[in-house]
Every structure is written in structure tokens, then in C-alpha cells.
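Notes to accompany the following structure.
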There are 2 protein chains.
Amino acid sequence: MDIAFALYPGMTLLDMTGPHEVLAHHPEVTCHYLATRPGPLATDTGFQVTATAAFSDLPRPDVIVVPGGGGYARALEEETELVDWLAAAHPSAAWTTSVCTGSTLLAKAGILTGRPATTHWGARDVLGGLGAQVSTDRVVVDGDVITAAGVSAGIDMGLTLAERLWGLETARAIQLFIEYAPEPPFTPVASEEAGPEMVEALDRILSGV
Amino acid sequence: MDIAFALYPGMTLLDMTGPHEVLAHHPEVTCHYLATRPGPLATDTGFQVTATAAFSDLPRPDVIVVPGGGGYARALEEETELVDWLAAAHPSAAWTTSVCTGSTLLAKAGILTGRPATTHWGARDVLGGLGAQVSTDRVVVDGDVITAAGVSAGIDMGLTLAERLWGLETARAIQLFIEYAPEPPFTPVASEEAGPEMVEALDRILSGV
């Protein structure tokens with residue numbers, strides 16, 4: 001099973017590593033880390049990862065995973081090879097998936113037109129503008145496409161996909177392996193409920209993104 | 001604020017990227033990715049990351065994060081520079097932290113002797129053998145040391161640390177930013193409760209690690 005992770009400058013590392021950790025250890029899986037060209041590229045914190053092949057090297061992966069990230073707006077404009085590869089590879093893939101704003105790249109490739117899909121809460125308008133039916137769910141399965149909400153939702157998406165690929169017992173074994181029994185230290189807050197103090201804190205944090 | 005991530009061959013990528021995603025976007029933070037020598041190294045799935053400096057280049061980081069991974073047993077034997085650096089850097093660090101089997105490296109450096117600490121469920125005996133008081137909690141805060149259970153627990157650890165560094169509103173803003181409102185698709189199972197079918201599935205999955 002060939003799983004292709006689509007990498008690009010400005011992507012968010014956890015968007016990729018969530019589903020990657022869930023899927024990559026399975027003995028059936030061969031992971032491919034694709035980008036416009038092989039070599040190092042910087043994620044949205046500056047941390048460097050390495051693409052092992054070009055998009056054109058793997059036209060027919062079995063599973064596609066597209067992360068989002070602070071650089072997604074640039075990617076929508078400039079990552080034409082990624083978007084063209086997505087559009088061409090999707091029809092023969094068993095599963096096409098995204099995490100966070102990665103769904104906007106799926107939409108740009110025409111894969112989400114008129115279909116329900118989710119994204120990071122900060123990019124819902126963008127996703128809707130690209131023709132998807134925007135959902136606020138954490139994970140949306142629609143036929144052979146699975147989209148996840150922001151960043152950490154990629155772990156939930158990965159497990160959802162693992163069950164479909166290998167069955168419930170294996171998916172739960174992977175969940176145990178990565179100890180995904182989450183205990184967020186604070187009650188999660190929904191974006192609609194964020195007060196002015198939190199919005200200010202968010203603005204400060206994200207000023208560098 | 002200098003945050004040092006200690007990298008080594010065979011580490012688990014999500015162990016590092018969980019706390020990294022929580023901490024790295026804050027404008028006060030400068031991340032350093034340290035290893036025995038700068039350059040590329042392979043995580044336990046083969047995915048390549050890049051160390052930007054040697055351990056000796058940053059003797060006094062403010063925060064230390066040590067990931068675990070399939071390669072931790074080898075690291076305990078062979079990563080002497082990492083362990084020596086940990087022992088020397090810990091006293092001046094504000095926070096020394098680990099995820100998963102990273103705590104065994106803290107223990108090897110003498111940081112956990114007689115102290116409560118947690119680790120991946122599969123490494124509790126090893127951690128105890130290295131002198132720590134083994135806890136089964138997901139996150140253990142003991143003075144200036146925070147340890148996390150396996151893999152995904154690094155996100156909970158990162159948020160726990162973020163609150164101590166920057167206060168509750170900022171930590172909750174980060175939680176919103178990474179949409180950490182987990183919805184595991186299946187009920188998490190504890191290691192003690194894993195039935196034979198799941199243990200078999202785990203063995204299959206982990207045979208390649």
C-alpha cells in the first residue's frame with residue numbers, strides 16, 4: 001500500500017505527523033513524501049523536513065494525505081504541481097484525505113465540489129468559496145474522501161481511515177500503540193466561544209505565522 | 001526563550017511534533033533541533049528530519065524536550081552525548097520534559113532518580129529499572145520536570161507546559177489554534193485491557209519497529 005504525503009513549504013508539521021504516526025508503522029504500508037522536487041523544505045515553524053520524491057514520481061498512490069498549514073494561501077496560488085497531481089491521482093486512489101487547510105488544496109483540485117468537507121475553523125470561508133459544502137465536524141467521510149478539522153484532528157482522521165483499511169481491532173491496536181486516550185488539561189473552547197482575551201492571545205501567537 | 005528538542009535516530013516523530021506544535025508558534029520562542037551532529041537523521045518510520053545544531057552548541061536552553069521512539073533502547077546504549085548534555089543542561093533549564101520513552105533518557109541522565117515520572121506503557125519496567133518512581137498518569141509534573149505517557153500524550157504535556165510558561169488564556173488559545181478537542185473514533189483501550197486479538201494486531205504492527 002503506497003501512501004503519499006503531499007509536502008509543501010509552510011505546511012504544519014503536526015497536520016502530517018498525526019495521520020503519519022497512525023498509518024506508517026503498519027507492515028503493509030510504504031510511505032512516500034512528495035513535493036515539487038525532492039529535498040528539504042521548511043514547515044511553518046521553520047522546522048525542516050525532507051521530500052523523498054517529486055509528485056510526478058508517484059502518479060497512482062493508494063492513499064493520499066494532504067496537510068494544511070500557515071502557508072496554505074500561498075500554496076493555493078503557487079503549488080500548481082501539487083494541485084494538478086492531486087486532480088490526476090485522486091480518481092485511482094482508494095482514499096484521498098486532508099488535515100486542516102489541506103482541504104482547500106483538495107477543493108482547488110476540484111475534488112470537493114458540492115461535497116461535504118471540513119477544515120481548520122479559520123479557513124471555513126475559503127473552503128466554501130472553493131465550492132465545498134463546509135461542515136464543522138471534526139472528521140468528515142464522504143465516499144472515498146476524508147477531511148479533518150484543524151491540526152490535531154489529523155489523528156482522529158488517521159484512526160478513522162485505519163479502521164476502514166484494516167478493521168477495528170487493528171485500528172484500536174494502533175490507538176493503544178500511540179496512547180491516544182487524550183486528556184486535554186483544559187476544556188477545549190470552540191472558535192465561536194472565544195472571548196476577546198483569547199482572541200488577543202491568538203493574534204499574538206499567530207502574528208509570526 | 002530557547003527550546004531545545006533533542007533528536008536522535010529512531011525517535012518517534014509525533015513525540016516531538018506534539019509539544020513542538022504547541023510551543024513553537026509563540027513569538028517568544030526560538031526552537032533548536034539538536035543532535036549529536038547537525039544534519040539529517042531518520043525517525044522510526046524512516047521519515048527524515050534535520051538537526052540544526054549539535055548538543056554542544058546549546059549548553060543552556062530554557063526548555064528541554066526529549067522525544068521517545070522505537071530506537072530508545074539503542075539510544076540508551078549509544079546516545080552518550082545526548083545523555084551527558086541532558087545531565088549538564090538540566091540544572092539551568094527552567095523545564096526539562098519528555099514524551100513517551102524519552103523519560104528513560106532523562107532517567108539515564110540521573111534526572112528522575114526517586115522522582116515520579118511516566119512513559120509509554122511498554123517501557124514502564126525499563127523506566128523503573130533506571131530509578132524513577134513509575135506513574136501510569138498521562139502527564140506527570142514534578143518540580144521542574146514534566147514527563148508524558150506514550151506518543152500522543154506529548155500534546156497534553158505541551159499544553160500543560162504552555163500554561164506554566166504563559167498562563168491559562170494563552171494556553172487555551174493555543175489549544176484552539178491546534179483544534180485540540182479530541183474525538184477518538186473508538187473508545188481508548190488501556191494496555192492492561194487489551195485482549196489477545198488486539199495484542200496480536202499490535203505485534204504485527206510493531207514487528208517493523
Side-chain angles (χ1 to χ4, degrees), chain A residues 12-14 17-18 20-21 24-27 31 33 40 45-50 52 100 120-121 138-139 149-153 155-156 159-160 163 168-186 188-191 194 197-198 201-202 204-209, chain B residues 12-14 17-18 20-21 24-27 31 33 40 45-50 52 100 120-121 138-139 149-153 155-156 159-160 163 168-186 188-191 194 197-198 201-202 204-209:
Chain A
T12 290
L13 189 56
L14 186 53
T17 51
H20 178 261
E21 211 62 59
H25 294 277
H26 196 284
C31 289
Y33 310 102
T45 62
F47 185 70
Q48 216 170 68
V49 295
T50 305
T52 50
C100 195
H120 192 278
W121 53 265
R138 190 158 174 87
V139 176
V151 195
S152 63
I155 300 175
D156 301 308
L159 288 168
T160 301
E163 183 188 9
L168 181 60
E169 277 308 293
T170 296
R172 294 187 78 205
I174 295 171
Q175 181 175 17
L176 172 58
F177 167 50
I178 65 166
E179 290 207 54
Y180 192 50
E183 292 178 16
F186 340 110
V189 66
S191 58
E197 210 177 331
M198 187 176 297
L202 254 179
R204 262 199 319 278
I205 297 158
L206 299 179
S207 57
V209 173
Chain B
T12 290
L13 189 56
L14 186 53
T17 50
H20 178 261
E21 211 62 60
H25 293 277
H26 195 284
C31 289
Y33 310 102
T45 61
F47 185 70
Q48 216 171 68
V49 296
T50 306
T52 51
C100 195
H120 192 278
W121 54 264
R138 190 158 173 87
V139 175
V151 195
S152 63
I155 300 175
D156 300 308
L159 288 168
T160 301
E163 182 187 10
L168 181 60
E169 277 308 291
T170 295
R172 294 187 79 207
I174 294 170
Q175 182 175 15
L176 173 58
F177 167 51
I178 64 165
E179 291 207 53
Y180 192 49
E183 291 178 16
F186 340 110
V189 66
S191 58
E197 208 178 332
M198 188 176 297
L202 253 178
R204 262 199 320 279
I205 297 158
L206 299 179
S207 58
V209 171

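Naming: A, B, ... by sequence-line order, numbering from 1 per chain.
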Minimum heavy-atom distance between R138(A) and Y180(B), given as atom pair plus value: NH2-CA, 4.5 Å

Need one label for L168(B): side chain, backbone, both or neither, based on atoms under 4.5 Å from any heavy atom in chain A. side chain

Is the shortest side-chain heavy-atom distance between P182(B) and P184(A) below 4.5 Å? yes

Using a 4.5 angstrom heavy-atom cutoff, name the option from A24(B), A149(B), A153(B) with the most pairs to chain A. A149(B)

So which part of I155(B) gets closer than 4.5 Å to some heavy atom of chain A, the side chain, the backbone, both or neither? side chain

Ranked by heavy-atom pairs below 4.5 Å to chain B, first place among G18(A), G150(A), C100(A) goes to G150(A)

Do S191(B) and L176(A) come within less than 4.5 Å of each other through their side chains, counting heavy atoms only? yes

Which bit of E21(A) is near chain B, if near means a heavy-atom gap under 4.5 Å: side chain, backbone, both or neither? side chain

Shortest non-hydrogen contact from I178(B) to V151(A)? O-CB, 3.5 Å

If you look at every heavy atom in H120(B) and F177(A), which pair is closest and at what distance? NE2-O, 2.8 Å

Would a 4.5 Å heavy-atom cut-off, applied to side chains only, mark L202(A) and I174(B) as touching? no

Looking at V49(A), T45(A), T160(A), which makes the most heavy-atom pairs under 4.5 Å with chain B? T45(A)

Can you measure from CZ (R204(B)) to OG1 (T170(A)) and round to the nearest 0.5 angstrom? 5.0 Å

Assert top hit (heavy-atom pairs under 4.5 Å, partner chain A, pool H26(B), E183(B), E197(B), E163(B)) equals E183(B)

Under a 4.5 Å heavy-atom cut-off, does chain A meet the side chain of Y33(B), its backbone, both or neither? side chain

Are the side chains of P188(B) and Q175(A) in contact, using a 4.5 Å heavy-atom criterion? yes

Against chain A, label A190(B) side chain, backbone, both or neither, depending on which of its atoms sit under 4.5 Å from a heavy atom there. backbone

Turns out that what part of E169(B) lies under 4.5 Å from chain A's heavy atoms comes down to both

Find the distance between CG (D156(B)) and CD (E179(A)) and round it off to the nearest 0.5 Å. 10.5 Å

Between H20(B) and chain A, with a heavy-atom cut-off of 4.5 Å, which part of the residue counts as in contact: side chain, backbone, both or neither? side chain

